[in-house]
Q: 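Sharing a structure, written as structure tokens. Questions coming.
This structure is a prediction, so every number in the text was calculated from the model and none was measured. Nothing fancy with the numbering, it's 1 onward along the sequence.
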Amino acid sequence: MLWLEAYNPAAVANVMCTNTISISWDGWLYDCDFNQMLDLKVASKIKTYLKTIMRNILQDRNIIISQHCYGCTAGAGSSCQGTVAQ
């Protein structure tokens, strides 16, 4: 697949899921905007709802990843925290 060939391991250091949380309108937490659209909530041992989450729990979580993550690691990275091609 073409997006697999575009993978750039150097872009991984700046993907949004390593330092940013996406929050839905109703308070659910997601590792990134793409996971929010796919309804892949933050992985946590407690309910991943804004009212019940604390910062120290989020720092030690496992980030949910899947095939769509290649979009943030292609080329110079995504526009979330990478470089947008001009």
Side-chain angles (χ1 to χ4, degrees):
M1 298 187 153
L2 188 57
W3 44 270
L4 286 172
E5 295 169 11
Y7 174 71
N8 176 3
V12 173
N14 294 316
V15 293
M16 76 175 289
C17 59
T18 61
N19 60 27
T20 305
I21 292 291
S22 183
I23 304 171
S24 65
W25 67 271
D26 56 352
W28 291 101
L29 303 177
Y30 301 85
D31 294 312
C32 71
D33 296 341
F34 293 103
N35 282 6
Q36 183 176 349
M37 295 304 100
L38 295 170
D39 198 31
L40 299 171
K41 294 178 177 71
V42 163
S44 176
K45 293 181 181 180
I46 65 169
K47 198 172 186 180
T48 55
Y49 191 66
L50 187 58
K51 291 181 181 178
T52 59
I53 281 286
M54 296 175 2
R55 181 182 171 96
N56 60 344
I57 294 170
L58 292 174
Q59 289 176 341
D60 295 325
R61 77 189 190 280
N62 290 321
I63 296 171
I64 303 299
I65 61 172
S66 189
Q67 298 296 317
H68 66 279
C69 296
Y70 284 102
C72 292
T73 59
S78 75
S79 62
C80 298
Q81 294 184 9
T83 303
V84 179
Q86 305 225 356

Q: Which pair of heavy atoms, one from Asn62 and one from Ala43, lies closest together, and at what distance?
A: O-CB, 3.5 Å
Q: Nearest 0.5 Å, please: how far is CD1 in Ile63 from CG in Leu40?
A: 13.0 Å
Q: Is any side-chain heavy atom of Lys41 closer than 4.5 Å to a side-chain heavy atom of Ile64?
A: no
Q: Hey, could you give me the CG/SG distance between Asn35 and Cys69, rounded to the nearest 0.5 Å?
A: 6.0 Å
Q: Under 4.5 Å between any side-chain heavy atoms of Asp39 and Tyr30, yes or no?
A: yes
Q: Give the minimum heavy-atom separation between Cys17 and Cys32, together with the two atoms involved.
A: CB-CB, 4.5 Å
Q: Evaluate the ring planes of Tyr7 and Tyr70, with Trp represented by its six-membered ring, and classify them as parallel (under 30°), tilted (30 to 60°) or perpendicular (over 60°).
A: perpendicular
Q: For residues Val42 and Ile23: do they belong to one hydrophobic cluster (side chain heavy atoms under 4.5 Å, members Ile, Leu, Val, Met, Phe, Trp, Tyr)?
A: yes
